[in-house]
Amino acid sequence: MSLTVFNKYLRAPRLERAIKIPTVAFFRKQLNTTALIEFGKYIQKVFPAVFSTEFIQHEVVGEYSYLFTVQGSDPQLMPYMLLAHMDVVPASEEGWKFPPFSAEEDEGYIYGRGTLDNKNSAIGILQALEFLLRRNYRPRRSFYIGIGHDEEVSGLDGGKQIAMLLQARGVKLSFLLDEGSGILDGVIEGIKSPVALIAITEKGLLTLNLTVRSDPGHSSAPPKETSIGILAAAMSRLEKNPMPRLFGYGPELMMFEHLASEFAFPLNIIMKNLWLFSPIVSRIIERKPAGNSMVRTTTALTIFNAGIKFNVIPHLASAAVNFRIHPAQKVAEVLEIVKDTIDDDRVEITVTEAFDPLPISPWDDQALGVQIFRRTIMDVFPHVSSICIGNTDSRHFTNLTDAIYRFNPVILKADDVSRIHGWNERISVKDYEKQVDFLFQLIQNCDIDKLPKPHLSTHEL
Ligand SMILES: CCCCCCCC/C=C\CCCCCCCC(=O)NCC(=O)O
Ligand SMILES: [Zn+2]
Ligand SMILES: [Zn+2]
């Protein structure tokens with residue numbers, strides 16, 4: 001039964017009010033804690049059944065994150081986990097059609113920071129559960145819900161603490177579902193119909209701090225090179241020399257091969273024979289930012305600091321570069337390439353944060369998570385395994401399960417990917433309701449004794 005058919009009370013207003021709470025995270029210890037506390041109070045108020053049902057335990061972890069343990073009636077069934085986060089990246093009003101914390105509704109879309117990343121999941125999960133509880137649903141299979149408060153600043157105090165707590169309790173999960181991918185509509189050149197990408201891995205990360213020191217002095221008698229000039233040149237070299245193309249060496253190979261039949265002739269033939277054509281295909285895909293992120297380790301210059309006054313030559317210039325590492329590469333290799341590219345000893349390089357690409361989750365008919373998705377998502381959309389191009393809290397849970405999936409059933413059109421962390425982030429009311437519906441179905445599907453064998457069609461790639 002579809003939730004949206006009969007239920008009015010579980011619509012988008014609960015998300016809209018959550019968007020208005022500015023739970024912004026700047027750096028690890030720079031969070032809007034007042035907003036985080038307000039968010040906690042808000043969910044308690046609007047999801048009373050979740051917080052008062054006797055078979056659900058709720059705990060606050062790391063001061064602001066939430067862990068819910070939903071005790072199923074059958075302890076023999078291995079539990080699963082749904083993960084989301086309440087924090088958002090900063091947003092200034094400039095560039096937005098509506099203020100980023102206004103949750104303004106326009107032409108069927110709710111605008112605001114967090115509508116896609118990731119209050120749609122945090123509120124959506126609780127909304128689906130609240131509704132099930134109000135219908136006196138008691139799950140058979142136990143599950144956990146984690147709502148982190150610092151995912152945007154690495155999740156060490158929220159998501160990771162939840163994972164460590166569960167690990168200390170000896171919990172093992174049959175699968176975990178987090179944010180990180182969606183239904184792409186018109187994003188992949190050559191495919192006209194929407195395609196659901198379920199990310200079975202996520203890219204690694206390397207953030208470097210680059211520093212150049214030089215003698216300070218009067219701007220009227222400048223040296224030939226300043227700290228700013230030296231650093232800017234190094235940054236520019238990194239931007240002008242992208243990391244090598246690795247298309248075809250990671251799980252994106254399987255993704256495109258499986259998608260082959262969705263392309264029109266002659267692209268379908270080309271995609272079926274990537275062993276031969278991947279060099280040319282990767283050159284086409286890399287032309288757009290989202291495609292480029294599938295082809296290689298990406299290089300993003302994100303912070304630049306130098307100078308305090310127009311007539312003083314600064315002593316120090318510093319900058320940050322953020323790499324997202326393709327599954328076929330490792331941190332050490334990226335670091336070597338960076339050093340070779342900069343090739344200037346005056347640029348001091350320090351590692352701020354680094355981890356390798358995440359393990360690849362099972363993608364076969366035996367895996368419970370895969371069976372559940374196939375049943376829950378869509379006979380309507382083709383779905384394939386993919387790579388999460390960003391990072392998620394789920395990476396802290398690798399000791400609890402090898403089956404980590406990243407997916408929201410939200411349609412992303414060509415200009416939507418850049419709204420995430422950018423201007424005019426938005427979700428359609430219809431998509432939000434679809435997401436709640438998806439979670440409502442998923443929780444119930446996890447309780448089915450024997451899931452029917454998936455029927456073979458191009459929709460089950
Ligand atoms: C050939 C085209 C393939 C395009 C694939 C693009 C898929 C885009 C789908 C979803 C958007 C990416 C969401 C990533 C979620 C990241 C969550 C986040 O912000 N975490 C923090 C961080 O990464 O810094
Ligand atoms: Zn996120
Ligand atoms: Zn984010």
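Every number for a ligand or one of its atoms is a count from 1 in the order of the listing. Note that the numbering runs from 1 along the sequence shown for the chain. Because the structure is predicted, anything quoted here is derived from the model rather than measured.
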Counting non-hydrogen protein atoms only, what is the nearest one to [atom]? Give residue, atom name and distance.
{"atom": "atom 10 (C) of ligand 1", "result": "Leu412 CD1, 3.6 Å"}
{"atom": "atom 7 (C) of ligand 1", "result": "Leu184 CD1, 4.1 Å"}
{"atom": "atom 12 (C) of ligand 1", "result": "Ile389 CG1, 4.0 Å"}
{"atom": "atom 3 (C) of ligand 1", "result": "Met294 CG, 3.7 Å"}
{"atom": "atom 20 (N) of ligand 1", "result": "Asn391 O, 2.6 Å"}
{"atom": "atom 11 (C) of ligand 1", "result": "Ile420 CD1, 3.7 Å"}
{"atom": "atom 24 (O) of ligand 1", "result": "Arg324 NH2, 2.9 Å"}

| query | Angle class for the Phe256/Phe247 ring planes (parallel below 30°, perpendicular above 60°, tilted otherwise)? | reply | perpendicular
### Message
Using 30° and 60° as the class boundaries, would you call the ring planes of Phe68 and His58 parallel, tilted or perpendicular?
### Response
tilted
Between Lys339 and Glu333, does any NZ, NE, NH1 or NH2 come within less than 4.0 Å of an OD or OE carboxylate oxygen?
no
- Task: Using a strict cut-off of less than 4.0 Å between a Lys/Arg side-chain nitrogen and an Asp/Glu carboxylate oxygen, indicate whether Arg374 and Asp365 qualify as a salt bridge.
- Result: yes
key: Any Phe256 heavy atom less than 4.0 Å from ligand 1   = yes
Original post:
Does ligand 1 have an atom under 4.0 Å from some heavy atom of Glu252?
Top reply: no
Check: of Gly180, Gly182, Ser154, min heavy-atom distance to atom 14 (C) of ligand 1 comes from Gly180
If you count every protein N, O or S atom closer than 2.8 Å to the Zn ion (ligand 2), you should arrive at 4
Contact region, Asp117 to ligand 1, non-hydrogen atoms below 4.0 Å, reads side chain
Note: His421, heavy atoms under 4.0 Å from ligand 1, region reported as side chain
For Asp402, the salt bridge (charged side-chain N to carboxylate O under 4.0 Å, His left out) test, sequence neighbours excluded, returns none
